[in-house]
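Because only heavy atoms are used, hydrogens play no part in the values below, and waters and symmetry mates are left out as well, while side chains stay in.
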Amino acid sequence: QVQLVESGGGSVQTGGSLRLSCAASGGIITIYFMAWYRQAPGKQRELVASISPADRPWLADSVKGRFTISRDNAKNTMYLQMDNLNSDDTGVYYCTTGKNDWGRGTQVTVVS
């Protein structure tokens, strides 16, 4: 089982930026379709971005052009660069290997 720890969340004003990190241990992330999900208050968890073992990124339409997903294989860490944030981006962000390994999440709050 892979252990995942998210970090980098916080409170930011509309239009601001944050970079989330997902540090993995107990497994090598390059073999997984790593992904970021988020869950807003009162809503279902939704897929935001993923990156394939071949380093192919996928982004939800709602974040295209604003978010970037990447991976540092040497650090066994995945990132989510989030720019031009708005209130719809508020929520708890989780990373996953896509194989039932989940982190505990990191809170992102966008305030106007």
Peer 1: Hydrophobic cluster membership, with links at side-chain heavy-atom distances under 4.5 Å among I/L/V/M/F/W/Y: are Ile31 and Ile69 in one?
Peer 2: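 Yes, one cluster joins them.
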
Peer 1: Show the nearest heavy-atom pair for residues Arg66 and Asn84, with the distance to one decimal.
Peer 2: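 Here Arg66 and Asn84 meet closest at NH1-O, 3.0 Å.
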
Peer 1: Going from CG on Asn76 to CD1 on Ile28, what distance comes out if it is rounded to the nearest 0.5 angstrom?
Peer 2: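 If we round to the nearest 0.5 Å, Asn76:CG and Ile28:CD1 are 7.0 Å apart.
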
Peer 1: Measure the spacing between CE of Met78 and CD1 of Ile51 and express it to the nearest 0.5 Å.
Peer 2: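 Between atom CE of Met78 and atom CD1 of Ile51 there are 8.5 Å.
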
Peer 1: Between Glu6 and Arg104, is there a side-chain N and carboxylate O pair less than 4.0 Å apart?
Peer 2: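 Judged by the 4.0 Å cut-off on N to carboxylate O distance, Glu6 and Arg104 do not form a salt bridge.
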
Peer 1: Determine whether a donor-acceptor pair (N or O, by modelled atom type, separation under 3.5 Å) exists between the side chain of Arg71 and the backbone of Ser52.
Peer 2: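 Indeed, once roles are kept as given, a pair shorter than 3.5 Å links the two residues.
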
Peer 1: Roughly how far apart are Ser50 OG and Leu59 CG, rounded to 0.5 Å?
Peer 2: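 Going from the OG atom of Ser50 to the CG atom of Leu59 covers 8.0 Å.
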
Peer 1: So, for Leu80 and Ala49, which heavy atoms are closest and what is the spacing to 0.1 Å?
Peer 2: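 Of all heavy-atom pairs spanning Leu80 and Ala49, the closest is CD1-CB, 4.1 Å.
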
Peer 1: Working to the nearest 0.5 angstrom, can you tell me the gap between Arg45 CZ and Arg38 CZ?
Peer 2: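 Result: 13.5 Å between the selected atoms.
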
Peer 1: Is a donor on one side and an acceptor on the other found under 3.5 Å between the side chain of Asp72 and the backbone of Thr77?
Peer 2: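 It does not hold such a pair.
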
Peer 1: What class does the angle between the rings of Tyr93 and Phe67 fall in, given that below 30° is parallel, 30 to 60° is tilted and above 60° is perpendicular?
Peer 2: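 Because their plane-to-plane angle lies in the 30° to 60° range, the rings of Tyr93 and Phe67 count as tilted.
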
Peer 1: Mind listing the closest non-hydrogen atom pair of Ile29 and Ala24 along with its distance?
Peer 2: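 For Ile29 versus Ala24, the nearest heavy atoms are CG2-CB, 3.3 Å.
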
Peer 1: Is Gln3 reaching over with its side chain to a backbone N or O of Gln1, donor-acceptor style, under 3.5 angstrom?
Peer 2: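 Yes, the answer is positive, given that a donor and an acceptor are paired below the 3.5 Å cut-off.
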
Peer 1: Heavy atoms only: give me the nearest Asp88-Asn86 pair and the separation to one decimal.
Peer 2: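 Closest pair (atom of Asp88, atom of Asn86, distance): N-OD1, 2.9 Å.
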
Peer 1: For the hydrophobic clusters of this structure (ILVMFWY residues joined by side-chain heavy atoms under 4.5 Å, transitively), does one cluster hold both Leu18 and Tyr79?
Peer 2: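 No; tracing contacts between hydrophobic side chains, which count when under 4.5 Å, never links both residues.
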
Peer 1: Are Val12 and Val63 connected, step by step, through hydrophobic side chains (Ile, Leu, Val, Met, Phe, Trp, Tyr) whose heavy atoms are closer than 4.5 Å?
Peer 2: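 Cluster IDs for Val12 and Val63 match.
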
Peer 1: Taking the side chain as every heavy atom from C-beta outward, state whether Gln13 and Leu85 have any pair of such atoms under 4.5 Å apart.
Peer 2: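 No. Closest side-chain heavy atoms not under 4.5 Å.
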
Peer 1: Determine which pairs satisfy side chain to side chain donor-acceptor pair (under 3.5 Å) with at least one residue from residues 14-37, sequence neighbours left out, and list them in order.
Peer 2: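 Qualifying pairs: Ser17-Asp83.
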
Peer 1: Name the one of Val111, Val110, Val108 that satisfies side chain to side chain contact (heavy atoms under 4.5 Å, CB included) with Ser11?
Peer 2: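 For Ser11, the side chain to side chain contact (heavy atoms under 4.5 Å, CB included) test succeeds with only one of Val111, Val110, Val108, which is Val111.
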
Peer 1: Heavy-atom count around Leu47 CG within 6.0 Å, excluding the residue itself: above 12?
Peer 2: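 Atom CG in Leu47 is crowded, with more than 12 foreign heavy atoms closer than 6.0 Å.
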
Peer 1: Are Thr96 and Tyr94 close enough that some pair of their side-chain heavy atoms sits under 4.5 Å apart?
Peer 2: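 Contact flag for Thr96/Tyr94 side chains = no.
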
Peer 1: If hydrophobic clusters are built by linking Ile, Leu, Val, Met, Phe, Trp and Tyr wherever their side-chain heavy atoms come under 4.5 Å apart, do Met34 and Val5 end up in the same one?
Peer 2: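 Met34 does not cluster with Val5.
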
Peer 1: Taking the side chain as everything from C-beta on, heavy atoms only, tell me whether Trp102 gets closer than 4.5 Å to Cys95.
Peer 2: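 Side-chain contact under 4.5 Å: no.
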
